[in-house]
There are 2 protein chains.
Amino acid sequence: VRSREAILNAARELLTRDGPAAVTHIKVAEHAGTGRATVYRHWPRSEQLLADAMAAVPMPFFNTPTGPVRQWIYNELTALGRELNRRDVRAVATTLANSALWDAEMANRRERFATTLADRVAKALAAASDAGEVTLRTSARSAAALAIGPIYYRSTIESGTVDDDLIATIVEALGTWHDRSGGHA
Amino acid sequence: VRSREAILNAARELLTRDGPAAVTHIKVAEHAGTGRATVYRHWPRSEQLLADAMAAVPMPFFNTPTGPVRQWIYNELTALGRELNRRDVRAVATTLANSALWDAEMANRRERFATTLADRVAKALAAASDAGEVTLRTSARSAAALAIGPIYYRSTIESGTVDDDLIATIVEALGTWHDRSGGHA
């Protein structure tokens with residue numbers, strides 16, 4: 001188990017430092033200080049090793065809504081922006097989007113990730129709508145893309161920091177929030 | 001010139017079919033039917049060849065605003081969604097976002113791309129605001145992320161089609177459009 005952890009850590013460090021092409025059996029074994037045979041035994045394919053190393057980066061966003069939802073979404077988007085400001089998280093997110101085009105295992109992970117986030121965002125907004133906290137401007141199927149898309153684009157394409165202005169703009173775009181929700185100050 | 005074009009086409013085909021790791025001097029030379037020395041002479045580094053192959057995919061979005069701007073943005077976002085539905089465009093966009101983390105040349109291209117799009121979107125929205133067509137809900141620095149981010153996320157993470165619902169949601173999120181603009185039907 002310890003060598004497995006050491007190998008996964010080494011793979012993630014190489015991914016972050018040098019990119020996905022650096023996650024080879026040879027380099028990971030060297031970096032982890034283990035034998036190559038050990039790496040091959042656990043992960044016959046280096047793509048699988050890369051995928052498992054990436055899975056260690058947690059994606060705990062939009063998990064447990066607490067009211068008021070407006071403030072909660074604001075906080076979750078802030079946390080997401082902070083995570084995507086980390087080099088290793090950007091490396092994982094963009095490697096996933098890229099390698100999923102050619103690797104079925106990565107495509108499955110991307111699919112699960114996107115579906116989970118979309119379900120969570122839709123559920124939280126539906127609850128806020130039912131409670132009379134918001135009159136939604138988005139459909140459930142557009143909500144995740146509208147909420148997460150700008151933060152993902154700002155981080156991975158604009159290579160910029162997710163600021164309060166962008167988050168506030170997103171929160172207001174999702175719907176008309178009624179005053180008793182208390183704002184997000 | 002002709003061998004240069006053939007090499008770039010071969011590189012782009014390999015990128016689209018097998019991913020960025022397939023864009024090596026050896027494979028590109030084989031696929032283009034040229035000698036390896038020719039490929040090395042034009043592109044000593046394979047990263048440079050990949051970057052040049054990607055540059056051949058045009059990004060003509062948000063270029064020349066025509067009024068009413070609401071309809072124009074709707075059309076531009078539709079065109080962007082259609083482009084990102086193409087496998088080669090997704091390959092280029094996600095390879096750029098990924099490889100820019102480790103390659104300065106790619107980071108420059110990503111930067112130019114993001115800055116150009118952000119300037120164009122901001123300029124068009126400012127013109128519409130000045131003309132009284134819209135009361136903006138976004139700042140100039142958030143507009144591009146809000147407009148393009150959801151489409152990019154839908155295409156590259158949700159791996160879905162950009163539909164009219166998403167585009168209409170984005171257009172309405174940008175601001176309050178005044179009726180004389182004629183809607184986007």
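Labels below follow one simple rule: chain letters A, B, ... track the order of the sequence lines, proteins then strands, and each chain is numbered from 1.
Contacts between Ala21(A) and chain B at a heavy-atom distance below 4.5 Å are absent for every atom of the residue. In this structure, chain A has a heavy atom under 4.5 Å from the backbone of Asp18(B), while its side chain stays farther away. In this structure, chain B has a heavy atom under 4.5 Å from the backbone of Arg17(A), while its side chain stays farther away. Neither the backbone nor the side chain of Ser99(A) has a heavy atom closer than 4.5 Å to any heavy atom of chain B. With a threshold of 4.5 angstrom between heavy atoms, Asp163(A) approaches chain B through side-chain atoms but not through N, CA, C or O. Residue contact with chain A, scored on non-hydrogen atoms closer than 4.5 Å, involves the backbone and the side chain of Ala144(B) alike.
Judged by distance alone, the side chain of Trp102(A) and the main-chain N or O of Pro20(B) form no donor-acceptor pair under 3.5 Å.
To the nearest 0.5 Å, atom OG of residue Ser159(A) and atom CZ of residue Arg110(B) are 4.0 Å apart. Here the CG atom belonging to Leu117(B) is positioned 9.0 Å from the CD atom belonging to Glu158(A), to the nearest 0.5 angstrom. Here the CD1 atom belonging to Ile157(A) is positioned 6.0 Å from the CG atom belonging to Leu96(B), to the nearest 0.5 angstrom. The distance from the CD atom of Glu172(A) to the OG1 atom of Thr138(B) is 12.5 Å, given to the nearest 0.5 Å.
For the residue pair Leu101(A) and Arg87(B), the shortest heavy atom distance occurs at O-NH2, 2.7 Å. Between Ala97(B) and Thr156(A), the shortest heavy-atom distance links the atoms CB-O, 3.9 Å.
With a 6.0 Å radius and a threshold of 12 heavy atoms from other residues, nucleotides or ligands, Arg45(B) has its CZ atom above the threshold.
Counting heavy-atom pairs closer than 4.5 Å to chain A, the top-ranked of the candidates Leu146(B), Ile151(B), Asp165(B) is Asp165(B). For chain B, the option among Ala173(A), Ala118(A), Ala143(A), Ser142(A) with the highest count of heavy-atom pairs below 4.5 Å is Ser142(A). Of the residues considered (Ile148(A), Thr115(A), Leu174(A), Asp103(A)), Ile148(A) shows the highest number of contacts with chain B, using heavy-atom pairs under 4.5 Å.
When side chains are defined from C-beta on, Pro150(B) counts as touching Pro150(A), because their heavy atoms get closer than 4.5 Å.
For the residue pair Arg137(B)/Thr169(A), the side-chain donor-acceptor check at 3.5 Å is not satisfied.
Relative orientation of the Tyr152(B) and Tyr153(A) rings is perpendicular, given thresholds of 30° and 60° on the angle between their planes.
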